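See structure below.
Being a predicted model, the structure only gives us computed values, none of them experimental.
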Amino acid sequence: MRKVLTILMAVLVLSGCDDSKSTDGLHKISFATHQSRTIVEDNDDLQQYNLRLFGTYTLDGRTARVFDSERLYYDNSLPGWSYDNTKYWVTNAMYRFYAVCPYDAPATLSDEENKVMVGTYKGCTGGADLLYASAERNLEGNSDYSTVPLHFRHACAAVRFNLTNASSQVLKEVRNIRLVGLYNLGKFTFDSTGAVAWELNSTLVEDDEYDKPYGGICTLPEGGLPVNLDIKHPLYDERVLMVLPQSVYKTPITLHLEYIKEGDAEYAVRNIELGWLGGTTPTEWKSGEKYDYNLTITDNTITAEVVVVDWVDNFVDL
């Protein structure tokens with residue numbers, strides 16, 4: 001026990017150092033993000049952001065924090081990921097690490113449950129993605145002091161809408177594009193093994209027209225849709241909506257839009273229930289999956305289909 005206390009005292013004394021090399025046989029805890037299509041092809045986008053880092057170690061039945069909401073940032077001078085106040089490995093301890101991006105996500109760690117909770121995260125705003133990573137390292141009986149890999153994954157799902165004009169008339173304008181009925185507030189939790197869960201909160205809709213059975217409403221980002229559309233053009237130039245994982249047909253979620261064609265006297269109003277498109281339509285949005293909804297406007301109506309596609313990471317804003 002005295003030997004253990006001596007090691008712990010050495011760690012406390014040296015924790016204020018910023019030396020990336022071993023000191024008196026102690027090894028610095030270091031991290032690396034793995035290249036993966038789950039995040040970005042070459043990590044360049046991720047390196048522009050600070051990560052929020054948590055970490056604990058358990059020794060002799062007692063658990064202590066080693067990283068408590070630490071800022072993990074990419075240092076081009078190394079190059080590599082770095083943090084302030086160097087921490088060193090403790091022999092025979094069991095470690096658990098958690099990381100969240102972006103840094104300003106409201107994340108906290110529960111020591112009792114060994115889980116990180118991201119509270120009141122608002123999805124479907126056209127804004128930041130929510131990424132998470134976790135890792136475990138058991139040093140009992142071994143001396144694995146190698147760099148800890150952080151393999152980030154998407155906590156949200158991605159939705160993109162593509163519009164095709166197949167009518168005999170020129171499509172002049174599309175307006176009031178909204179997703180109605182979805183949950184867009186929720187709490188996200190994950191543990192050191194990577195297990196995840198969402199707790200969704202319904203939100204009220206101020207617009208009287210939609211203030212009935214719906215849980216929430218989302219307006220697609222402005223400025224991405226030109227007034228005069230090409231024959232085929234994304235609704236918002238290579239952008240995706242980050243939505244919370246949820247049931248699509250039980251909620252139900254509806255895509256509302258209005259459009260006018262050359263020669264029409266008024267706008268056509270369409271409400272498309274995304275869970276009732278038929279065929280192999282997904283019944284839920286899942287974490288880490290991306291969905292393309294392809295809309296085709298004909299002379300008299302609008303049809304839609306949905307396909308699950310590969311996540312093209314350079315289309316995602318972290």
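- With rounding to the nearest 0.5 Å, the separation of OG1 in Thr58 from CD in Glu140 is 11.0 Å.
- Heavy-atom minimum distance, Val90 versus Leu139: O-CD1, 3.4 Å.
- Ring geometry for Tyr145 against Trp89 counts as tilted: the plane angle lies between 30° and 60°, on a 0 to 90° scale.
- Residues Thr189 and Val118 form no side-chain contact, since every pair of their non-hydrogen atoms from C-beta on lies 4.5 Å or further apart.
- Smallest separation of non-hydrogen atoms from Ile29 and Tyr83: O-OH, 2.6 Å.
- With ring centers used as reference points, Phe31 lies under 6.0 Å from Phe97.
- Proximity of a side-chain donor or acceptor of Asp68 to a complementary backbone N or O of Arg65 within less than 3.5 Å is not detected.
- Of the N and O atoms on the side chains of Thr298 and Asn300, not one donor lies less than 3.5 Å from an acceptor on the other residue.
- Residues Leu185 and Tyr121 form no side-chain contact, since every pair of their non-hydrogen atoms from C-beta on lies 4.5 Å or further apart.
- Side chain of Ser167 to backbone of Gln169: a donor-acceptor contact under 3.5 angstrom is found.
- By the 4.5 Å heavy-atom criterion applied to side chains, Leu59 and Asn92 are counted as neighbours.
- Summarising the geometry of Lys115 relative to Leu109, their closest heavy-atom pair is O-CD1, 3.3 Å, with the distance given to 0.1 Å.
- Of the inter-residue distances, the one linking Cys101 atom SG with Leu130 atom CG reads 8.5 Å to the nearest 0.5 angstrom.
- A donor-acceptor contact shorter than 3.5 Å links the side chain of Arg137 to the backbone of Asp144.
- Within the 4.5 Å cutoff, the side chain of Asn138 has no heavy atoms near those of the Tyr95 side chain.
- Between the OH atom of Tyr49 and the CG atom of Asp104 there is a distance of 10.0 Å, given to the nearest 0.5 Å.
- To the nearest 0.5 Å, the span separating CZ on Arg62 from OG1 on Thr56 amounts to 15.5 Å.
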Could you go through His154 and Ser287, starting from their C-alpha distance and side-chain angles, then the distance that decides it, and tell me whether this counts as side-chain contact (heavy atoms from CB on, under 4.5 Å)? CA-CA 6 Å; His154 298 279; Ser287 295; over 6 Å; no
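- A distance-only check finds no donor-acceptor pair linking the side chain of Glu70 to the backbone of Leu53 [under 3.5 Å].
- With Asp292 contributing its side chain and Val309 its backbone, the two residues share no donor-acceptor pair below 3.5 Å.
- In summary, the side chains of Arg52 and Ser69 do present a donor paired with an acceptor at a separation below 3.5 Å, with no hydrogens or angles considered.
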Candidate pair Leu51 and Tyr103, rule side-chain contact (heavy atoms from CB on, under 4.5 Å), full reasoning: CA-CA 5 Å; Leu51 314 179; Tyr103 178 79; over 6 Å; no
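- At a threshold of 4.5 Å between non-hydrogen side-chain atoms, the residues Tyr132 and Phe188 count as touching.
- In this structure, Leu255 CG and Leu182 CG are separated by 11.0 Å, a value rounded to the nearest 0.5 Å.
- In this structure, Pro245 and Cys156 approach most closely via the heavy-atom pair CD-CA, 4.2 Å.
- Between Trp81 and Tyr74, the ring-plane angle classifies as perpendicular under the 30° and 60° cut-offs.
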Could you please spell out the steps behind the side-chain contact (heavy atoms from CB on, under 4.5 Å) verdict for Leu78 and Asn76? CA-CA 5 Å; Leu78 294 177; Asn76 287 303; over 6 Å; no
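- Of all heavy-atom pairs between Ala133 and Phe190, the closest is O-CE1, 3.4 Å.
- Using modelled atom types, no side-chain atom of Glu199 and backbone atom of Lys187 make a donor-acceptor pair closer than 3.5 Å.
- Checking side-chain atoms of Tyr291 against main-chain N and O of Lys286 turns up a donor-acceptor pair under 3.5 Å.
- With contacts defined as side-chain heavy-atom distances shorter than 4.5 Å, the pair Pro282/Glu289 does not qualify.
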Are Val307 and Asn294 close enough, and set up right, to give a side-chain contact (heavy atoms from CB on, under 4.5 Å), and what steps lead you there? CA-CA 8 Å; Val307 292; Asn294 300 312; 4.1 Å; yes
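- Put simply, the side chain of Ile297 does not reach to within 4.5 Å of the side chain of Arg270, judged on heavy atoms.
- A donor-acceptor contact shorter than 3.5 Å links the side chain of Asp191 to the backbone of Ala195.
- Cluster annotation: Val116 and Val196 are assigned to the same hydrophobic cluster (Ile/Leu/Val/Met/Phe/Trp/Tyr, side-chain heavy-atom contacts under 4.5 Å, transitive).
- The shortest side-chain heavy-atom distance between Phe67 and Lys87 falls under the 4.5 Å cut-off.
- At a cut-off of 3.5 Å, with distance as the only test, no side-chain donor of Thr164 or Thr296 sits close to an acceptor on the other residue.
- In this structure, Leu72 CG and Phe54 CZ are separated by 12.0 Å, a value rounded to the nearest 0.5 Å.
- Of all heavy-atom pairs between Leu244 and Trp285, the closest is O-CE3, 4.0 Å.
- By the criterion of side-chain heavy atoms lying less than 4.5 angstrom apart, applied directly or through intervening Ile, Leu, Val, Met, Phe, Trp or Tyr residues, Val170 is not grouped with Tyr267; the two fall into different hydrophobic clusters.
- With hydrophobic clusters built from ILVMFWY side chains whose heavy atoms lie under 4.5 angstrom apart, Ile272 shares a cluster with Val306.
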Between Tyr73 and Asp84, is the side chain to side chain donor-acceptor pair (under 3.5 Å) condition met? List the steps. CA-CA 9 Å; Tyr73 55 91; Asp84 300 326; 3.2 Å; yes
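- Side-chain contact of Ser192 with Asn114: a donor-acceptor pair under 3.5 Å is absent, judged by distance alone.
- Between the Lys261 side chain and the Asp299 main chain, a donor and an acceptor come within less than 3.5 Å of each other.
- Under a hydrophobic-cluster definition in which Ile, Leu, Val, Met, Phe, Trp and Tyr are linked whenever side-chain heavy atoms come within less than 4.5 Å, directly or via other members, Phe161 and Ile260 are assigned to different clusters.
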